[in-house]
Amino acid sequence: MLTTLLSQSQFDLPADWQHSAQIKPLVVAIAMSNLFKQTVQTQPNLLAQWINSPPTPNDCSNYAVRLNELLAKVEDEEQLSQTLRLFRYCELARISFIQSNKLATVEFVFQCLSDLAESLILAARDWLFEKCCAEYGTPINSLGEKQELLILGMGKLGGGELNFSSDIDLIFTYPDVGETVGGRKPIENSKFFTRLGQRLIKALDDITADGLVYRTDMRLRPFGDNGALVLSFAAMEDYYQEQGRDWERYAMIKAKILGEERENINHCYLKQMLRPFIYRRYLDFSAIQSLREMKQKISREVVRRNLTDNIKLGAGGIREVEFIVQTFQMVRGGRDKILQERSLLKVLPRLSELNLLTQAQVEKLHNAYIFYRQVENVLQAIDDKQTQTLPVDSDDQARLIFACQSYWQQALKSENAIFIEHSFSDWAGFLTVLNGYQQEVRHIFNELIGEEESEDQSSPLNEKLAEWKDILNYSISYEDLSAVLKGYPQVAESDYEEIFRYFYTTFQEWVKRPIGLRGREVLRNLMPKIAGSLFERDDYLLLLPRLLNIVDKITTRTTYLELMVEREQILPQLLTLCSKSVMIAEQIARHPMLLDELMSHRGLTDVLAFEQYQFALQDYLIRIPEEDEEALIDGLRQFKQTQILRIAAADILGVLPVMKISDHLTYLAEAIINSVVNIAWKQVSQRFGKPEHLEEDEKGFAVIGYGKLGGIELGYNSDLDLVFLHNAPDGGQTVGGKKEISSHQFYLKLAQKITSIFSLNTSTGVLYDVDMRLRPSGESGLLVSTFKAYEHYQKNEAWTWESQALVRARCVFGAAHLKQEFERIRQSSLALPRTSGQLRQEICKMREKMYQHLSLHSIDKFHIKTDLGGITDIEFIAQYLVLAHSNEKSDMAVWSDNVRIFDSSVECGILSLKESEQLKHCYTSLRNQIHHLNLLRKDSVVDTNEFVEERAFVRGMWQRLLN
């Protein structure tokens, strides 16, 4: 076997090499490890040295002393890099020689590898520390004490169980905040140690012509890749107290302070600080479920990444041995101090001492673990590659067979070594022995930790949820995400990159937030459900950012997260509503209380009756103290948001037609106007009293709604066009207040207060945008007018466009007699005689002006409202019909909404039934489209090939009536 392997080497060996006591061990080392062969090729002095004096286990010591002697001669970081690498490869070759020739136990080999790594890391740190102090000054704390960089070695490095080609997992920390002294200018300690950490990683991790020292992984630090590279003790303590998770406890069991000194006060403090997080005072059986979930995650990863023949992650492999031991450490380590060890092999015999495992189980786990580690070390020593996968190459298989037929291992209960021999001579025999160990470990694992999955747990749905649970975290990788997405046929591979970007960006943001342990656990359960449902849909790319935005806004509000997890009816409704409406998605994100409305599907679409909005709003506000103005205003906004969500849901789900949608939005606005006026009235009257002309319970005040509000045609994003009127006589005063003012001033202050309440921007947003420009004389006119002045203006001074606006005016607040008075003024003003030719000319002139300033003028797009044949044309037609015919046909001035104006036109013989119905069809179709575009937060624009027939008909009617 060795002869076959050697035939491929580049060494000229004497013919009698097999009989040479000096040459044969070198030949074995060359045959067993390409790493050894390449090292003696690049450092030929080693070969000459080892021919005469072969490496022995006694040579694997004093790494730090020998390394520091070399580094004392180093002058710059380039020399540092080369020295570290040459030293590392030399010592790895020495250890490989010892392993290949079976001169020491498996335990001795990985302890040497760990000591070597620790020495290299510390030597590099210390050299670079002096270099940084020379450049930036020496870091000190507030007491003037010199600060140091402490390095936690995690995983196999911390446990003293490193392999030939292991990554090293590190965490950097330093004791106290402060700043440097002695440099050109002081810098904060955090910056000093960050720069030192960056240079240390570079010295270890960069691949140069001489290779690398160690692949360095910093992702186990608080907040992972998104966290600071180096944290102070205080910041570390805060993180592990507030946000540390079970997998971090699991990792911390093996954490070692590299170069630990018992008398070093900083080392002692750091250990004491971390111990309560790792080892709970009580028996912590919750850790079993956490570890079980971690193992299930790894098992799914093995399947997902096709990690076949992996002795670490596969069933019964290294990881299961580690899980068994560390489960007992996490559960009982706080009480049984003898379990507070980093080394797995030291903890194993103590488990039988505590009667947690039988002696037979301990021996089986010990023997399996040593066999696995022997296999792992041989595999990694071949080419200095991190692998735990069994080879398919026959030469590498031959190396494993030779190495594992016999080897030294330390006896379980003593320091003595025993020689283990396995009776196999081929690959099949090796696999038989390996499988035997795996079955024994798997059996013990299942007895202690494993949980047989029920039929429900192993269903395809739950399998997919489990896969999502594995990968949806701050360390999400594109490869893992792609593997899971392949299980969703409707997800295009070309979208994988964008999906990954959404998740990655979101998780990197979440990891910074003080979400807390409970919140993070709920997120772990919620996000897989969202992803599993989302990617079953065709509109996944539309929905993903909307759903992430909603969850993003509630990450620190655990109650809402739990609501989404526990109430299964919420997520399907949320997906439906958010797919149809970005407006709803944004509203829910902005106001998470709206999630409560999704708990009942029936309740969501069961909108209030028109007349109930006012009563429902009163009930909603009655719980708020009347003197708390801000709370009342917030209550108005919350009520509006809740009701709009219901109306929009009814719209999206087809429960209500477009005309009813506008009706509901209009009556909702009227209810809010009523409450706003009453709130404003109470506050103004408490200060100034009430106008003296009023009877008890009178206000003498009316709110006139114009535009969409007056026409009962409000949309989701409509503002309110308002005009305020009052009936106070000239010369009137207020009575009963702290300060008396004229009645006209009172109503002005009332109007100002009303607009202030509407426009006040609180944490819940603006109630409505209010437009007052349609009042007499526009922006230059009074904010509030008397009925008398208003009537005079409409009949004597109003422009044609103001008369058009009056067509769509309606009294939306006021006593019955005031509503009647306004309607008299409106109808009599609309019925004034007009010259039809001049009326047409002025309306057409106004329409042309609007078209020039507001239209898209695009051949590809159609603006539903402002382009020719759109909503504005239909509204102008209705307004023309009212203004042209009300003088002779009074019924034409009754209604303010376009649909009933067209009905009146038929009753008055102005339009045919067919024309009226077609105009109503065009109008409602276009409005319906605008509603849906509003829900999607899109402009009222469609492709020019839409609504072709409707536009042609509207333009035809325009030509017939107005040209």
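Side chains are part of it too, since the values below use all heavy atoms of this structure and drop only hydrogens, waters and symmetry mates. One-based numbering along the sequence shown.
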Side-chain donor-acceptor pair present, Glu179, Tyr136, cut-off under 3.5 Å: no
Residues Asp126 and Lys131 bridged, charged N to O under 4.0 Å: no
Sole residue of Glu341, Gln326, Glu322, Glu161 in side-chain hydrogen bond (donor to acceptor under 3.5 Å, both in side chains) with Lys254: Glu161
Residue pair Gln111 / Asp115, side-chain donor-acceptor N/O under 3.5 Å: yes
Pairwise ring pair (Phe, Tyr, Trp, His ring centres under 6.0 Å) hits with a residue in residues 184-206, at least two apart: Phe129-Phe192, Tyr174-Phe193
Trace of the side chain to side chain contact (heavy atoms under 4.5 Å, CB included) decision for Gln241 with Phe277: CA-CA 7 Å; Gln241 283 184 355; Phe277 169 66; over 6 Å; no
Chi angles and distances behind the ring-ring contact (aromatic ring centres under 6.0 Å, His included) call for Tyr250, Phe323: CA-CA 9 Å; Tyr250 178 86; Phe323 269 42; 5.1 Å; yes
Spatial distance of atom CD1 (Ile257) from atom CG (Leu274) [nearest 0.5 Å]: 7.5 Å
Polar contact flag, side-chain donor to acceptor under 3.5 angstrom, Tyr239-Glu248: yes
pair Tyr240-Met236: side-chain heavy atoms closer than 4.5 Å: yes
Cation over ring face, Arg221 and Phe172, 6.0 Å, 45°: no
Residues Arg66, Glu69: salt bridge by 4.0 Å N-O rule: no
NZ/NE/NH1/NH2 to OD/OE distance under 4.0 Å, Glu353 and Arg350: no
Glu376 side chain to Asn163 side chain, donor-acceptor N/O pair below 3.5 angstrom: yes
Asp167 bridged to Arg215 by N-O distance under 4.0 Å: yes
Salt bridge (charged side-chain N to carboxylate O under 4.0 Å, His left out) between Glu107 and Arg373, intermediate numbers included: CA-CA 9 Å; Glu107 297 94 321; Arg373 297 306 305 275; over 6 Å; no
Salt bridge present between Arg199 and Glu77 (N-O < 4.0 angstrom): yes
Sidechain N-carboxylate O distance under 4.0 Å for Asp552, Arg513: yes
Between CE on residue Met273 and CG on residue Asn266, distance to nearest 0.5 Å: 11.0 Å
